[in-house]
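The sequence lines fix the lettering, A, B, ..., with proteins before strands; numbering per chain opens at 1.
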Protein chains: 2
Amino acid sequence: MNPLDATRTAARDATRPDPCIGCGGRLTGLCQPLDAAALDDISSESERFAQPARSLLFREGDQASRAFSIGAGIVKLSRLLADGKQQVVGFRFPGDIVGYGASAAYPYDAELLTAGSFCKIERRRLDALLRRYPVMERRLLDMCLAELAATQEQLVTVGRRSAEARVASFLLGLEEAYRRRGAVPDPLPMPMTRSDIGDFLGLTLETVSRTFTAFKKAKWIEEPAHQKLRVLDRETLGDLAEGIVQDL
Amino acid sequence: MNPLDATRTAARDATRPDPCIGCGGRLTGLCQPLDAAALDDISSESERFAQPARSLLFREGDQASRAFSIGAGIVKLSRLLADGKQQVVGFRFPGDIVGYGASAAYPYDAELLTAGSFCKIERRRLDALLRRYPVMERRLLDMCLAELAATQEQLVTVGRRSAEARVASFLLGLEEAYRRRGAVPDPLPMPMTRSDIGDFLGLTLETVSRTFTAFKKAKWIEEPAHQKLRVLDRETLGDLAEGIVQDL
DNA sequence: CGTGCTATTGAGAAAAATCAAACGTGGTGG
DNA sequence: CCACCACGTTTGATTTTTCTCAATAGCACG
């Protein structure tokens, strides 16, 4: 299970006029299991919009009255602590649902790392849809279970692995996140800063930077341009992530 | 959200002859929203049993063909890494569901810290029940969302807090876990070892031990007996957990 | 009454954080 | 269009926290 992306999505045969929640035309999100009639029904309940990079989808503590489905873009979910430190809870990709949780207020900030397009739905309405379409609720449960598994995996990474293992794990996870959604771009877009990555892995930005430098020197990765990544030695990074070897 | 226990349970009016899944007579788990007819239905699908302390409910990698509901006892979920290190993913309490996840194999060991009693159900049958009783599926989704929030909270604790803050957070979380399930026993049973706690918090057992000693010296907690805990200064521990003060 | 865990305590080592400085670079405005 | 500025990144020196290794002590259980 890859902590970077929570939901698993299977490609679907038909290509329908992009209907609604979590479907960037590829029908890969929450609506994936629905039939045409249901999709029409749902379109009327939800609203699409776009936002620029670095803007906030919502803030920690805001009333959690809306859920969002990512059509395009990458979202960072993060909590700010009393002493100013930050923990990134996860990154979310197209097809993922953001903002649907157990509590009445959002438990973290959601910030766009890239420009993005979304589908917004009132929580109340989404709950009604879930009652009406049990396959949709099933799908949401499966997405939630996948996200839980990913978060537990991330807990292992942060709790018990060395700095190099954490960074290796992040890099492979990023690649895996793209793989799950279809073809892997080459090079991979990597819109997160060293600071974002550090806050995700429980490390400082300096440690992340040093580790990137070391990985580049070792030719395990390269950064052909700003915010572009190419994984050159998947094998070694995997061993490093697992702690089978502890190089550097 | 308390990372120690994932599910929130509301007390219920009627006290029925203990029916099935996750109901230690208190009807607090997955079956909480069901009516009498449904409960009868479900009883026939599930099987009860008990196990002694320190035994395994299942092992990481086992075929995940059964889910378990905890009637009594405390369960530790943990992953073993290649280098022998261990990460405790969470502790589970009566009313919680264990072993129902996204993947075909269990992603962690489940070990009883105390003697426990359980309700076992084939995954296939549980899935059928979920289709038959949408309120049950809804309940499972809510439990999953709560568990996700708790795990994210734990990620913050492990990723960004000091050793003392982590231990303080654990102690308050333990108390909160009991509070959620009714009256808080005094003193609190704390069946986990220093090593279990360390593996939960991403610390060594020595660091946990030292921190406990310091907290006892400061009179913020006491251990009136082996594996018994009393929280004496909730206030200070809370400030410490939040990083508002960094004592010691 | 041993014996095997679990816990405590100490000393030293190591990993990562912190503090600090300089460098690139992308974006903005003159 | 170019210069400048803010921000992200890199790199180095030093400090701190926590880990590791080690030895002892306390208990529960057989």
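- Taking atom CZ of residue B/Arg161 and atom C1' of nucleotide D/dT17, one finds them 18 Å apart after rounding to whole Å.
- For the pair B/Ile197 CD1 and C/dA7 C1', the computed distance is 11 Å after rounding to whole Å.
- The CG-P distance, from B/Asp196 to C/dA7, rounds to 8 Å in whole Å.
- Comment: B/Glu176 engages B/Arg180 in a salt bridge, judged by a side-chain N to carboxylate O separation of less than 4.0 angstrom.
- The base of D/dC27 has none of its N or O atoms less than 3.5 Å from a complementary donor or acceptor on the side chain of B/Gln227.
- When the C1' atom of C/dA7 is taken as reference, atom NZ of B/Lys216 falls 9 Å away, rounded to whole Å.
- Between A/Arg210 and D/dT11, a side-chain N or O to OP1/OP2 separation shorter than 4.0 Å is absent.
- Nucleic acid contact class of A/Thr213 (heavy atoms, under 4.0 Å, all strands): sugar-phosphate only.
- Judged by closest nucleotide on DNA chain D, A/Lys217 is the one of A/Lys217 and B/Lys85 placed further toward the 5' end.
- Among the nucleotides D/dT18, C/dT6, C/dA17, the one closest to any side-chain atom of A/Leu203 is C/dA17.
- Spacing between atom CZ of B/Phe215 and atom P of C/dT9 amounts to 15 Å, rounded to whole angstrom units.
- An OP1 or OP2 oxygen of C/dA7 is reached within less than 4.0 angstrom by no side-chain nitrogen or oxygen of B/Ser209.
- No engagement by B/Gly198 is indicated, since no non-hydrogen atom pair under 4.0 Å with the nucleic acid exists.
- Using modelled atom types and a 3.5 Å distance limit, the side chains of B/Ser78 and B/Gln86 yield a donor-acceptor pair.
- A side-chain donor-acceptor contact under 3.5 Å links B/Thr211 to the backbone of B/Thr207.
- Atom CZ of B/Arg194 and atom P of C/dT9 are 11 Å apart (whole Å).
- The residue B/Leu205 sits close to a base: some heavy atom pair falls under 4.0 Å.
- Taking atom CD of residue B/Glu206 and atom C1' of nucleotide D/dC19, one finds them 8 Å apart after rounding to whole Å.
- Taking 4.0 angstrom as the limit, A/Thr204 places none of its side-chain polar atoms (N or O) nearer than this to OP1 or OP2 of C/dA16.
- Taking atom CZ of A/Phe212 as the reference point, atom C1' of D/dT11 lies 16 Å away to the nearest angstrom.
- B/Arg161 and B/Glu153 are joined by a salt bridge, as a carboxylate oxygen and a charged side-chain nitrogen come within less than 4.0 angstrom of each other.
- Smallest separation of non-hydrogen atoms from B/Arg179 and B/Val184: CA-CG2, 3.6 Å.
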